[in-house]
Student: 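Here it is, the structure in full.
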Amino acid sequence: MARTLIIAEAGVNHNGRLDLALRLCDAAKESGADVVKFQTWQTEKIITRTVAQADYQAANTGRQESQFDMLKRLELSYDDFRRIKEHCDDIGIAFASTADERWSLEFLVSLGIPFIKVGSGEITNIPYLRIMGASGLPLIVSTGMAGLADVDTALTALRGAGARDITLLHCTTNYPCPMEEVNLKAMCTLRDAFRLPVGYSDHTEGVEVAVAAVALGACVIEKHFTLDRNMEGPDHRASTEPAEFRRMVGCIRNIEAALGDGRKVPSQSERKISALVLKRIVASRPIQAGERLSEENLCVKRSDSGLPASCWDLLQGKTASRSYAADEPVGL
């Protein structure tokens with residue numbers, strides 16, 4: 001199968017600090033990620049000042065503040081992102097970021113991002129979807145909080161603007177996401193309904209769901225990534241630390257190798273073993289030339305030569321062309 005694209009979703013886990021963002025890039029590279037991804041926005045252009053935090057945000061930050069104040073505290077500048085992109089180029093990992101408004105999108109495109117990530121919060125933002133669809137870049141679309149009708153409407157807007165290369169990510173917008181809300185089979189529903197490549201954006205604790213998603217056909221895995229799950233911030237608790245992320249990458253690469261090409265044929269190693277393990281037809285006792293072959297004088301045993309046991313019926317009732325000793329392979 002094709003290699004799964006593994007995205008370390010650093011998101012806002014830099015806590016508004018450039019030095020932490022650069023360390024996240026280093027850790028993502030060392031952990032085997034293909035891409036390290038952030039989130040880019042200008043707070044005043046995406047939210048009013050009175051919107052309350054989501055429950056998970058308040059619980060994970062331990063602060064009672066508006067979403068505006070939280071996002072302003074976590075915002076990095078465009079100059080910061082230029083530095084992050086340069087650092088990613090230097091260490092050899094792809095840089096990407098989710099733009100939450102059109103001005104940041106234009107900036108990121110100018111940096112040379114490999115794809116546009118459409119966050120779940122934009123799935124109903126038709127005017128912005130049209131702008132992203134017109135970019136000409138591949139699109140990876142998260143579908144948290146959306147039903148099939150919402151996804152269909154979003155795809156119509158993206159395709160109407162010219163988008164052609166689209167991958168859909170199933171996800172559940174909760175941080176961390178409890179197992180009973182994952183509904184991983186919905187990823188397969190997206191693939192079957194829209195005939196598009198699919199992946200999974202994972203907000204669960206642990207790595208098993210991401211690995212299971214690859215086994216079900218995910219071509220993209222996005223997993224929140226942090227240096228320390230105990231740090232203050234809205235997403236750290238639902239994120240994976242470097243050692244665990246590295247283990248997830250190893251598991252995913254093993255699953256890719258294990259999935260194979262889907263053809264049901266003996267493997268190369270099985271062909272060697274089968275010569276010693278699969279049963280063959282031999283004489284169960286001495287057989288005289290001209291004797292009728294039957295269950296009375298034939299049996300199946302492991303043998304390094306002779307007819308396979310699947311030829312049993314072909315020998316029944318035939319006349320022995322020569323004499324056979326006990327355990328000697330019997331032929332036609």
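This chain uses plain numbering: 1 for the first residue, then up along the sequence.
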Student: Could you check whether atom CZ of R49 has more than 12 heavy atoms from other residues, nucleotides or ligands sitting under 6.0 Å from it?
Tutor: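 At most 12 heavy atoms, drawn from other residues, nucleotides or ligands, come within 6.0 Å of this atom.
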Student: Can you list, by chain and residue number, the hydrophobic cluster partners of I140 when the side-chain cut-off is 4.5 Å?
Tutor: L5, I7, V35, F115, L169, V220
Student: Ignoring hydrogens and geometry beyond distance, is a side-chain donor-acceptor pair present between E291 and N297 at under 3.5 Å?
Tutor: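 A pair is found: one side chain offers a donor N or O, the other an acceptor, under 3.5 Å apart.
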Student: List the steps and the verdict of side-chain hydrogen bond (donor to acceptor under 3.5 Å, both in side chains) for E256 and T4.
Tutor: CA-CA 8 Å; E256 289 172 342; T4 306; 2.7 Å; yes
Student: In the hydrophobic cluster built from side-chain contacts under 4.5 Å, what are the other members alongside V265?
Tutor: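 Joined to V265, directly or through intermediates: none.
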Student: Take atom NZ of K272 as the centre, draw a 6.0 Å sphere, and report whether it contains more than 12 heavy atoms from other residues, nucleotides or ligands.
Tutor: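 12 or below, so no.
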Student: How long is the straight-line distance from CG of N174 back to NE2 of H203, given to the nearest 0.5 Å?
Tutor: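 One gets 9.5 Å once the value is rounded to the nearest 0.5 Å.
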Student: Can you measure from CG (L278) to OG (S303) and round to the nearest 0.5 angstrom?
Tutor: 12.0 Å
Student: Taking only Lys NZ, Arg NE, NH1 and NH2, and the carboxylate oxygens of Asp or Glu, determine whether D89 and K85 approach each other closer than 4.0 Å.
Tutor: yes
Student: Are D79 and S77 close enough that a side-chain donor and a side-chain acceptor fall under 3.5 Å?
Tutor: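 No, because no side-chain N or O of D79 sits under 3.5 Å from a partner of the opposite role on S77.
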Student: Ring centroid separation for H224 and Y175, is it under 6.0 angstrom?
Tutor: yes
Student: Starting from L158, can I reach M145 by hopping between I/L/V/M/F/W/Y residues whose side chains sit under 4.5 Å apart?
Tutor: no
Student: Heavy-atom distance under 4.5 Å between the side chains of P176 and T204, does that happen here?
Tutor: no
Student: Does a sphere of radius 6.0 Å around CZ in R102 hold more than 12 heavy atoms from other residues, nucleotides or ligands, not counting ones at 6.0 Å or beyond?
Tutor: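 Atom CZ in R102 is not packed in, count stays at 12 or less.
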Student: Show, in sequence, the C-alpha distance, side-chain angles and deciding distance for D150 and T124, and conclude whether the side-chain hydrogen bond (donor to acceptor under 3.5 Å, both in side chains) test is met.
Tutor: CA-CA 7 Å; D150 298 314; T124 60; over 6 Å; no
Student: Indicate the atoms forming the closest heavy-atom contact of V249 with S31, along with that distance.
Tutor: CG2-O, 3.5 Å
Student: Should the heavy atoms of other residues, nucleotides or ligands under 6.0 Å from CD of E106 be counted, would the total exceed 12?
Tutor: yes
Student: Taking salt bridge (charged side-chain N to carboxylate O under 4.0 Å, His left out) as the test, write out the residues that go with D228, two or more places apart.
Tutor: none
Student: Taking the side chain as every heavy atom from C-beta outward, state whether L216 and C188 have any pair of such atoms under 4.5 Å apart.
Tutor: yes
Student: Drop me the distance from L298's CG to L293's CG, to the nearest 0.5 angstrom.
Tutor: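 Reported value, rounded in 0.5 Å steps: 5.0 Å.
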Student: For residues E222 and S201, report the shortest heavy-atom separation together with the two atoms involved.
Tutor: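 Closest heavy-atom pair between E222 and S201: OE1-OG, 2.5 Å.
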Student: Please report the shortest heavy-atom distance between V330 and L307, naming the atom on each side.
Tutor: O-CD1, 3.7 Å
Student: Just so I know, are the side chains of V12 and D235 near enough to count as touching, which here means a heavy-atom distance under 4.5 Å?
Tutor: yes
Student: Checking T43 against E75: is there a side-chain donor and acceptor pair closer than 3.5 Å?
Tutor: yes
Student: Do E295 and Q316 pair up side chain to side chain, a donor and an acceptor below 3.5 Å, judged on atom types alone?
Tutor: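 Result is no, nothing qualifies.
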Student: Which pair of non-hydrogen atoms, one from G306 and one from R280, has the smallest distance, and what is that distance?
Tutor: O-NH1, 2.7 Å
Student: Could you report the tightest heavy-atom contact between T173 and G144, atom names first, then the distance?
Tutor: OG1-CA, 3.4 Å
Student: Within the distance-only criterion (no hydrogens, no angle test), does the side chain of K318 pair as donor or acceptor with the backbone N or O of L314 below 3.5 angstrom?
Tutor: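 The answer is yes, because a donor-acceptor pair under 3.5 Å joins these two groups.
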Student: Does H14 have any ring-ring contact (aromatic ring centres under 6.0 Å, His included) partners at least two apart in sequence or in another chain, and if so, which?
Tutor: none
Student: Is any side-chain heavy atom of M132 less than 4.5 Å from a side-chain heavy atom of L105?
Tutor: yes
Student: Supply the atom-to-atom distance K37 NZ to C88 SG, rounded to the nearest 0.5 angstrom.
Tutor: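 Those atoms lie 12.5 Å apart.
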Student: Just wondering, do V214 and I221 contact through their side chains at under 4.5 Å, heavy atoms?
Tutor: yes
Student: Under a 4.5 Å cut-off applied to non-hydrogen side-chain atoms, are P329 and Y324 in contact?
Tutor: no
Student: Under the rule for ring-ring contact (aromatic ring centres under 6.0 Å, His included), what residues qualify as partners of F107, not counting sequence neighbours?
Tutor: Y78
Student: Find the distance between OG (S66) and NZ (K72) and round it off to the nearest 0.5 Å.
Tutor: 12.0 Å
Student: Under 3.5 Å, is there a donor-acceptor pair between the T40 and D100 side chains?
Tutor: no
Student: A side-chain contact here means heavy atoms from C-beta on lying under 4.5 Å apart; do Y200 and V209 qualify?
Tutor: yes
Student: May I have the step-by-step check of salt bridge (Lys or Arg N to Asp or Glu O under 4.0 Å) for D19 and R23, ending in yes or no?
Tutor: CA-CA 6 Å; D19 64 317; R23 287 172 58 195; 5.2 Å; no
Student: Taking atom types as modelled, find out whether D26 and H87 have a side-chain donor-acceptor pair closer than 3.5 angstrom.
Tutor: yes
Student: I need the minimum non-hydrogen distance between S142 and S120, along with the two atoms involved.
Tutor: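 Residues S142 and S120, closest heavy atoms: CB-OG, 3.3 Å.
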Student: Going from CD on E241 to OG1 on T226, what distance comes out if it is rounded to the nearest 0.5 angstrom?
Tutor: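 Reported to 0.5 Å precision, the distance equals 7.0 Å.
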Student: Determine whether the side chains of S97 and K117 contain a donor N or O and an acceptor N or O closer than 3.5 Å.
Tutor: no
Student: Could you pull out all residues at least two apart from K301 that satisfy side chain to side chain donor-acceptor pair (under 3.5 Å)?
Tutor: D327
Student: So which of N125, I123, L129 actually passes side chain to side chain contact (heavy atoms under 4.5 Å, CB included) with V118?
Tutor: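 Among the candidates, only L129 passes.
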Student: Is there a side chain to side chain contact (heavy atoms under 4.5 Å, CB included) between L196 and V141? Walk through the geometry before answering.
Tutor: CA-CA 11 Å; L196 288 173; V141 183; over 6 Å; no
Student: Are S323 and I287 packed together at the side-chain level, in the sense that at least one heavy-atom pair is separated by less than 4.5 angstrom?
Tutor: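 Answer no - side chains too far apart.
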